2 protein chains.
Amino acid sequence: MNKCDQCIVRQLSSLKALNKEEIIKLANSKTTYKVKKGEALFEEGEVTNGVFCVKDGVGKLSKLSANGKDQIVKLVKSGELLGQRSMISNEPANLTAKAIADMEVCFIPKTEIINFFNSNNQFSLNMMQSVCEDLKESENEKIALVQKTVKQRLAETLLHLHDEFGEDTDKTLKVQLTREELAGIIGTATESCIRLLSDFNKSNLIELVGKKIKLKDVRALKKLADN
Amino acid sequence: MNKCDQCIVRQLSSLKALNKEEIIKLANSKTTYKVKKGEALFEEGEVTNGVFCVKDGVGKLSKLSANGKDQIVKLVKSGELLGQRSMISNEPANLTAKAIADMEVCFIPKTEIINFFNSNNQFSLNMMQSVCEDLKESENEKIALVQKTVKQRLAETLLHLHDEFGEDTDKTLKVQLTREELAGIIGTATESCIRLLSDFNKSNLIELVGKKIKLKDVRALKKLADN
DNA sequence: AATAGAACATGACAATTATCATCTTAATAA
DNA sequence: TTATTAAGATGATAATTGTCATGTTCTATT
């Protein structure tokens, strides 16, 4: 059996609908490579012509503003796909994808995906559902941006990061984000983000272990977040 | 030939991929009805179990916040579909859909849509592309919320409304939104929205004709919006 | 036409958040 | 190790935006 069969992406993403035969085709058409922390998988405006499977590492989808701030739209972790939207829409990428932690990815060319669309209905449906999931999240985040304060959004984001990525052995968040990146997720200035982290630290909601963050009072954070 | 064949929704939405036979099935399974301005098609949390075709009128998808403010996520006009996301995801509606102008809609039950998914690949692809389009817009609006000022977002929104809905014979915007709704789109307080409209009026960017809005200097508005 | 209620408008003020400056600490390269 | 740069931290201040109060103008209904 080839490697794709046991791959985490195959287990977690839309690709789980593919049968043995299709998986073999997939394995033959894919290309695997590594992306170092800070490097880009693709940049806004590029035509990607395929989909990226994230085997390992963490990526961010973001857009640079005129004033130089990077707004992070989504984090992508191992097991997920990247670049479906622009591939499906036949458009250049709307966002830039960069590695936040060293990544290992496979690239699947568009032609192959289209074949799967045509031959495997469940695959199409899975893909559609995954885009719908992204849409729902995006809408809810949009609403949160307007209806919640920066403090609430920070609390919410810390909880999300905890849920999605888990914690290290020292109980700190596993994803290593700079304060600037964290600010880019919640949509605020880096200084504001740092200030609030200090506040949270002082009021014992979190603990700052060097640059890492440990959630100390999840209940209080939750209460703060959805008020 | 039955009515669906000539329907504007059939011409503009994903439904355009359906063949004659499918259109007949569609016509037999649909139910048509009217929704008056202010009334809801469905509310957040409801299970819709199908898709709405907007034959006429304008609708808004929105979410009510704790403090009573209504954040508008999307406007829907004739020719578009409504409720695909929660149908595809098998989830209750995430947003409330209300009529902003008297609407005429057809409801297509989920079972029928699923049949089309299975029998017609192009239909699936169209639907997927339309969700992708929504996702892209949502992401871009999310970014705009963070990276642009309220003034810029108002300018941007006025231009969008002009593009999407056009103008009446007196050159005012065709969509009739209250100031409160407009504020709900750009994500600000109603008073702030009103104040900025006054400012735009004073600086000759727009003209306030009663409650209606006439764009007077599109170029300046554009410059303001994407700075 | 009179009245009530909604929508619009504007001022005064407060709260939130951004910006700029400066400093400390940590990471990286020579 | 030391130098250099990046990341983190904090204060002071300004700008933006929200909130509350109040008044005006529509609009609909009797």
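This is a predicted model, so every value here is computed, not measured. Letters A, B, ... mirror the listed sequences (proteins, then strands); counts begin at 1.
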Is the backbone of [Y] close enough, under 3.5 Å, to the side chain of [X] for a donor and an acceptor to pair up by distance?
| X | Y | value |
| --- | --- | --- |
| A:E181 | A:T178 | yes |
| B:S203 | B:D199 | yes |
| B:E80 | B:S13 | no |
| B:T157 | B:R153 | yes |
| A:K3 | A:A27 | no |
| B:T96 | B:E44 | yes |

I need the [atom1]-[atom2] distance between [X] and [N], as an integer number of Å.
| X | N | atom1 | atom2 | answer |
| --- | --- | --- | --- | --- |
| B:K202 | C:dT10 | NZ | C1' | 8 Å |
| B:Q152 | C:dA18 | CD | P | 14 Å |
| A:L145 | C:dT17 | CG | C1' | 14 Å |
| A:D199 | C:dT16 | CG | P | 12 Å |

Looking at residues at least two apart in the chain, or sitting in another chain, which of them share a salt bridge (Lys or Arg N to Asp or Glu O under 4.0 Å) with B:E91? A:K136, B:R85
I'd like to check the salt bridge (Lys or Arg N to Asp or Glu O under 4.0 Å) partners of A:R10; sequence neighbours left out, ordered by chain and number.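 For A:R10 the salt bridge (Lys or Arg N to Asp or Glu O under 4.0 Å) partners, ignoring immediate neighbours, are A:D5.
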Mind listing the N/O atom pairs, protein and nucleotides 26-30 of chain C, below 3.5 Å?
none

First locate atom CG of B:L135, then atom CD of B:E133, and finally report the distance between them rounded to the nearest 0.5 Å.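 Answer rounded to 0.5 Å: 9.5 Å.
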Nearest-0.5 Å distance that lies between atom CD1 in A:I213 and atom CD1 in A:I206: 5.5 Å
Which atom pairs link the protein and nucleotides 3-5 of chain C when you take only N or O atoms and keep those under 3.5 Å?
none

Is the closest basic N to carboxylate O distance between B:K212 and B:D168 below 4.0 Å? yes
Quick one: how far along DNA chain D does chain A reach, first to last nucleotide 5' to 3', anything under 4.0 Å to a heavy atom?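 From 5' to 3', the first and last contacting nucleotides are D:dA7 to D:dA12.
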NZ/A:K30: more than 12 non-hydrogen atoms of other groups inside 6.0 Å: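 Yes, the 6.0 Å shell around NZ holds more than 12 heavy atoms from other groups.
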Between B:D217 and B:N204: side-chain donor-acceptor atoms closer than 3.5 Å: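 No donor-acceptor contact under 3.5 Å links the two side chains.
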Heavy-atom contacts under 4.0 Å between residues 181-197 of chain A and DNA chain D, which residues?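 A:E191, A:I194, A:R195 - these, ordered by number, are the residues of the stretch whose heavy atoms sit under 4.0 Å from the strand.
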